[in-house]
Enquirer: 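Pasting a structure below so you can have a look.
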Protein chains: 2
Amino acid sequence: MTESQAKLAPTLAESPARTVERILSAAARLFAERGMAGVGLREITAEAGVNLAAVNYHFGSKEKLLEALFARRALPITQERMRLLGRCAEAPGRQPMLEQVLEGFLRPAFSLGREAGVDGATFGKLRARLSVESVELYRRILSQAFDASTAAFLEAVVAALPDLPRAEVEWRFHFMLGTMLYTMADSGRIQSITGGTCQPSDAEMALAKLVPFLCAGFRAPPTA
Amino acid sequence: MTESQAKLAPTLAESPARTVERILSAAARLFAERGMAGVGLREITAEAGVNLAAVNYHFGSKEKLLEALFARRALPITQERMRLLGRCAEAPGRQPMLEQVLEGFLRPAFSLGREAGVDGATFGKLRARLSVESVELYRRILSQAFDASTAAFLEAVVAALPDLPRAEVEWRFHFMLGTMLYTMADSGRIQSITGGTCQPSDAEMALAKLVPFLCAGFRAPPTA
DNA sequence: GTCTATACGCGGATAGAC
DNA sequence: GTCTATCCGCGTATAGAC
């Protein structure tokens, strides 16, 4: 707390007063690995090396802890998304507009979030789980974190496909969310079916396969 | 249990000895609505009108109950899938092979499972939730229920796209699973973003939008 | 302000009475 | 076969140490 502590901080110290960070870090990893219901506060606090009650003191509840964790991780993703969207432009030598927009939407989701010891893929799993739940709290968390930037991308796709009715674009955008989230979830199903030749955990490969697939789908003729 | 009971069964009876059925029915509805962690055994047994311990007596555990429930619901889906796959054929006046195969795969998932008071959509939500979890038990349940029929459909898609490398087909098949499961989950995200014009809960509409989108994606040129 | 020890109520699970 | 009583671990709340 005081400056003297910071000055004297030993190399191998327990990093006192960083309780909040330690909890967030442990919770991020454990929630993402085993889900909200699969891990208890006692395990989180043990891993973080703090007292059980610290979670409720600093965050208020297990759910609020998730909320805090999520807000922190989602921000860099949406920021990077908006930055990439701003860079999209029709120009000779560049990819078509639709490809640029989809890549701008998908890449941050796959590659970002590597802070505080939890990589982006792990956070992606947590996000994918929350995304299929119908718990009101989870829907609120996701809405708050992603709706604004996602809506901006939907508009960009609508603009990139002027001949497609808006309703059609919305359906296909919904399908895109499905492919994105299911790939982030890395459920192991496709490996189970094929024997492991296809590895959704390879983010760069997933992007390379996903963007052309989705663009072709978006460009299909409108449904009768 | 005995024949005499069946003969004398009163119209409004508590249906004794149908305890197992009553539990399965209640659990199917509640699990699908609020997820595995969101509902307790006390609520399930109360709804079923049976004693708390009956679940553990008849099934062994909450997880085993889920397993039993899932096996029962998945079977009609895979059976219908295989029946439709057998009917797929290249013929004048019919849709192209790929469209037939995808429709055969997707339609039973969206429309089937209406037994014991729980409609297909509700079961679909449960299925979608399990599908993004990394709990070993859930993976085993899904594998056991769906791997065989799914593998058969993967082969059919490979055959319908002879110019596409197998690895490419596998990636796209994986993407298809994502669109299917996310649509079944009916997460409310697309409604939240668009204001509700697109309704994934409309199974017939979802199929009509999904099949052309996916076929176009499958038919995209192979990735470099 | 931070953190700890401790207690309460509820969850799934189980042993044993009937 | 069925039910009651009980167990242990969970999230949570709080009193008080530092």
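Since the structure is predicted, the reported quantities are computational estimates derived from the model, not experimental observations. In what follows, chains are A, B, ... by sequence order, proteins preceding strands, each numbered from 1.
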Enquirer: Using only side-chain N and O atoms of A:Thr19, determine if any of them is under 4.0 Å from OP1 or OP2 of C:dC3.
Expert: yes
Enquirer: In whole angstrom, what separates A:Asn51's CG from D:dT14's P?
Expert: 16 Å
Enquirer: Which residues pass the salt bridge (Lys or Arg N to Asp or Glu O under 4.0 Å) test with B:Arg139, sequence neighbours left out?
Expert: none
Enquirer: Tabulate below the donor-acceptor pairs under 3.5 Å that side-chain atoms of residues 35-42 of chain B make, not counting sequence neighbours, or state none.
Expert:
none

Enquirer: Between atom CZ in B:Arg22 and atom P in D:dG1, what is the gap in whole Å?
Expert: 18 Å
Enquirer: Listed by chain and number, what are the salt bridge (Lys or Arg N to Asp or Glu O under 4.0 Å) partners of A:Glu204, not counting sequence neighbours?
Expert: A:Arg107
Enquirer: Return the set of residues passing salt bridge (Lys or Arg N to Asp or Glu O under 4.0 Å) with B:Arg172 (not counting sequence neighbours), or none when no residue passes.
Expert: B:Glu168
Enquirer: Filter on side chain to side chain donor-acceptor pair (under 3.5 Å), then keep only pairs touching residues 52-70 of chain B, sequence neighbours left out; what's left?
Expert: B:Glu67-B:Arg140
Enquirer: A:Met205: which residues meet the side-chain contact (heavy atoms from CB on, under 4.5 Å) condition with it, sequence neighbours left out?
Expert: A:Asp202, A:Lys209, B:Trp171
Enquirer: Within residues 53-64 of chain B, which residues have any heavy atom lying less than 4.0 Å from an atom of DNA chain D?
Expert: B:Ala53, B:Tyr57, B:His58
Enquirer: Give me the residues of residues 35-45 of chain B where at least one heavy atom lies under 4.0 Å from an atom of DNA chain C, by number, or none.
Expert: B:Val39, B:Gly40, B:Leu41, B:Arg42
Enquirer: Run the side-chain contact (heavy atoms from CB on, under 4.5 Å) test against A:Ala156 and tell me which residues pass, sequence neighbours left out.
Expert: A:Leu85, A:Val101
Enquirer: Taking the inter-plane angle between the rings of B:Phe175 and A:Phe213 on a 0 to 90° scale, is it parallel (under 30°), tilted (30 to 60°) or perpendicular (over 60°)?
Expert: tilted
Enquirer: Once you round it to whole Å, what is the distance between P of D:dT6 and CG of B:Leu52?
Expert: 15 Å
